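These figures come from a predicted structure and were not determined experimentally.
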Amino acid sequence: RDINAVVNNTNISSNPSNATGKKMASASTVSFQFRSQLDVLLQTLKVTNPHYIKCVKPNRLKQPGIFDKAMVLEQLKYSGALEEVRI
């Protein structure tokens, strides 16, 4: 699903129940909205197979046909791409 659809489809209740089942008074705080949206996002991510594209600059000169191995390795290391592949 599209991330905008996830954000726009959040069902935030104006009077949610607390742990005892009692209605809470108007809990539409920013913190409550954030937690609700985060829950929806996490549920969506659990049922999807996300994939990512990482852009890597091949050289500092920005010229075609030049590949600086050390620079590319540094970018992969510091972007976390090597850890993602390891997992």
J.: Quick one: salt bridge (charged side-chain N to carboxylate O under 4.0 Å, His left out) pairs with a partner in residues 37-46, sequence neighbours left out?
T.: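 Those involving residues 37-46 do not exist here.
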
J.: Provide the closest heavy-atom pair for Val72 versus Pro58 in the form atom of the first, atom of the second, distance.
T.: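 Looking at all heavy atoms of both residues, the closest pair is CG2-CA, 4.0 Å.
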
J.: Can you see which heavy atom on Lys57 is nearest to which on Gln75, and at what distance?
T.: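 Taking every non-hydrogen atom into account, O-NE2, 2.7 Å.
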
J.: Looking at Asn59 and Asp68, would you say the former's side chain and the latter's main chain have a donor-acceptor pair under 3.5 Å?
T.: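 Absent.
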
J.: Check whether Phe34 and Leu42 end up in the same hydrophobic cluster, where Ile, Leu, Val, Met, Phe, Trp and Tyr are linked by side-chain heavy atoms less than 4.5 Å apart.
T.: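 Yes.
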
J.: Mind checking the CD-OH spacing from Glu83 to Tyr78? Nearest 0.5 Å is all I need.
T.: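 Here the interatomic distance stands at 12.5 Å.
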
J.: How close do Ala81 and Lys54 get, counting heavy atoms only, and between which atoms?
T.: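 Scanning both residues completely, I find the closest heavy atoms to be CB-CD, 3.8 Å.
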
J.: Under 4.5 Å between side-chain heavy atoms, counting indirect links through other Ile/Leu/Val/Met/Phe/Trp/Tyr residues: same cluster for Met71 and Leu76 or not?
T.: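 No, no single cluster joins them.
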
